[in-house]
Amino acid sequence: MKANILLLFVFVCQIGFAQTKESKDKSDDDESSYIYKTFYLSTPLRVNQHHGEVDQYSGEKEPFFLPDGLSGRFGVGTHLHKWLSLGANLGIDWKANECLVVAPLFATIKLAPKVGEDLRIYVEPGYGKSFALGRGLSGDFQKISLGIESGEGDVGFYIELCQYGFTKNGKDKIGSLSLGINLTVF
């Protein structure tokens, strides 16, 4: 019986001494994580029909573009060294002049090469479906974004051109030109 207990004790000690412990640095964790989340906030712009005219109350010239609503989007996806990304996105776009709220659901591919130590430029085309809430309209959503972001790829500014793929009054397809900011969490 003593031999069995001694053998069990030696076996348990061997298991305890045979274990190895790996330490993880934050840098190792960042390199191994290829998932990202992105938040977009932008405002669509429209051409001011009174641009260049002098406002009678303020005495200032009217601007060329006016804000025309608000857009908020969320995306999640995978990336390869922050240079190439594939993502799935959804959002809410409000077009004030058109009295329209649109929910786009789309996929994107993003190319973001570094052009300096602390700067990336990027192009991000996207394609999917758009749904006008409360209107029963839907269509093919298409967009392209051009922007700059920090070297780490976490904060950026962009200009975006998108088309919702449907018409409200039967003439032209509704779209927008937007200026925005994005925040990416890796």
Side-chain angles (χ1 to χ4, degrees), residues 22-48 51-52 60-98 100-130 139-165 173-186:
E22 292 182 22
S23 65
K24 285 192 173 182
D25 291 352
K26 185 175 170 90
S27 61
D28 290 342
D29 196 30
D30 288 344
E31 291 298 323
S32 65
S33 175
Y34 292 105
I35 303 296
Y36 71 90
K37 297 173 199 81
T38 303
F39 304 93
Y40 301 93
L41 185 63
S42 66
T43 181
L45 303 173
R46 68 176 169 90
V47 175
N48 184 0
H51 71 88
E60 297 178 0
K61 284 188 174 182
E62 291 284 333
F64 190 74
F65 288 112
L66 292 175
D68 188 32
L70 192 64
S71 295
R73 298 182 183 155
F74 171 74
V76 66
T78 185
H79 69 92
L80 180 62
H81 303 292
K82 300 177 186 173
W83 194 88
L84 177 66
S85 304
L86 289 169
N89 303 274
L90 65 107
I92 296 288
D93 296 355
W94 168 50
K95 299 265 303 157
N97 195 37
E98 299 283 338
L100 193 64
V101 177
V102 179
L105 177 63
F106 58 98
T108 58
I109 184 167
K110 180 177 178 181
L111 298 170
K114 264 190 172 180
V115 294
E117 189 66 30
D118 295 328
L119 187 67
R120 290 181 183 271
I121 60 170
Y122 70 86
V123 61
E124 183 180 47
Y127 185 79
K129 295 297 275 183
S130 61
D140 291 337
F141 179 79
Q142 300 172 10
K143 79 159 201 112
I144 187 158
S145 299
L146 300 171
I148 59 171
E149 58 188 14
S150 67
E152 294 300 314
D154 51 359
V155 176
F157 298 97
Y158 64 93
I159 186 167
E160 176 181 88
L161 184 62
C162 69
Q163 186 179 55
Y164 297 113
K173 290 185 178 178
I174 297 172
S176 67
L177 173 69
S178 302
L179 290 177
I181 185 169
N182 64 312
L183 173 67
T184 305
V185 179
F186 291 97

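When a residue number appears, it is its place in the shown sequence, counting from 1. Since we're looking at a predicted model, the values are computed, not measured.
- Nearest heavy atoms, Ile35 versus His79: N-CD2, 4.2 Å.
- Contact record, Gly175 with Lys95: O-NZ, 3.2 Å, taken as the closest heavy-atom pair.
- In this structure the side chain of Lys82 reaches within 4.5 angstrom of the side chain of Glu152, judged on heavy atoms.
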Would you give me the side-chain donor-acceptor pairs under 3.5 Å for residues 177-186, sequence neighbours excluded?
residue : atom : partner : partner atom : Å
Asn182  : OD1  : Gly156  : N            : 3.3
Thr184  : OG1  : Thr38   : OG1          : 3.4

Would Ile109 and Glu124 count as a side-chain contact (heavy atoms from CB on, under 4.5 Å) if you check the C-alpha gap in whole Å, the side-chain angles of each, and the deciding distance to 0.1 Å?
CA-CA 6 Å; Ile109 184 167; Glu124 183 180 47; over 6 Å; no

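- Of the possible donor and acceptor atoms, one in the side chain of Asp68 sits under 3.5 Å from a partner among the backbone N and O of Asn97.
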Should Trp94 and Ser71 be marked as a side-chain contact (heavy atoms from CB on, under 4.5 Å) after you check the CA-CA gap, both sets of side-chain angles, and the distance that decides it?
CA-CA 6 Å; Trp94 168 50; Ser71 295; over 6 Å; no

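- Minimum interatomic distance between Cys162 and Arg73 (heavy atoms only, all atoms of both residues): SG-NH2, 4.2 Å.
- Of all heavy-atom pairs between Leu45 and Phe65, the closest is CB-CD2, 4.1 Å.
- Looking at heavy atoms from C-beta onward, Phe64 lies out of side-chain contact with Asn48 at the 4.5 angstrom threshold.
- Ring geometry for Tyr40 versus Tyr158: interplanar angle over 60°, hence perpendicular rather than tilted (30 to 60°).
- Side chain of Lys143 to main chain of Thr108: no donor-acceptor pair is present (N/O by atom type, distance under 3.5 Å, no hydrogens or angles).
- Heavy atoms from other residues, nucleotides or ligands lying under 6.0 Å from NZ of Lys61 number 12 at most.
- You'll find the ring centres of Tyr127 and Phe106 outside the 6.0 Å limit.
- Here the straight-line distance linking atom CD of Gln163 with atom CD1 of Ile144 works out to 13.0 Å at 0.5 Å rounding.
- Ring orientation note: the planes of Tyr34 and His81 are nearly perpendicular, at an angle over 60° on the 30°/60° scale.
- Ser130 and Asp140 form no side-chain donor-acceptor contact under 3.5 Å, judged by distance and modelled atom types alone.
- For residues 110-122, the side-chain hydrogen bond (donor to acceptor under 3.5 Å, both in side chains) pairs, not counting sequence neighbours, are Lys110-Glu149.
- One finds the OG1 atom of Thr78 at 8.0 Å from the OH atom of Tyr36 (value rounded to the nearest 0.5 Å).
- Atom CD1 of residue Ile148 and atom CG of residue Leu146 lie 11.5 Å apart, to the nearest 0.5 angstrom.
- Atom CG in Asp93 sits 6.0 Å away from atom CZ in Phe141 (nearest 0.5 Å).
- No more than 12 heavy-atom neighbours from other residues, nucleotides or ligands sit within 6.0 angstrom of CZ on Phe157.
- Leu70 and Pro44 make their closest contact through N-CD, 3.6 Å (heavy atoms, listed as atom of the first residue, atom of the second, distance).
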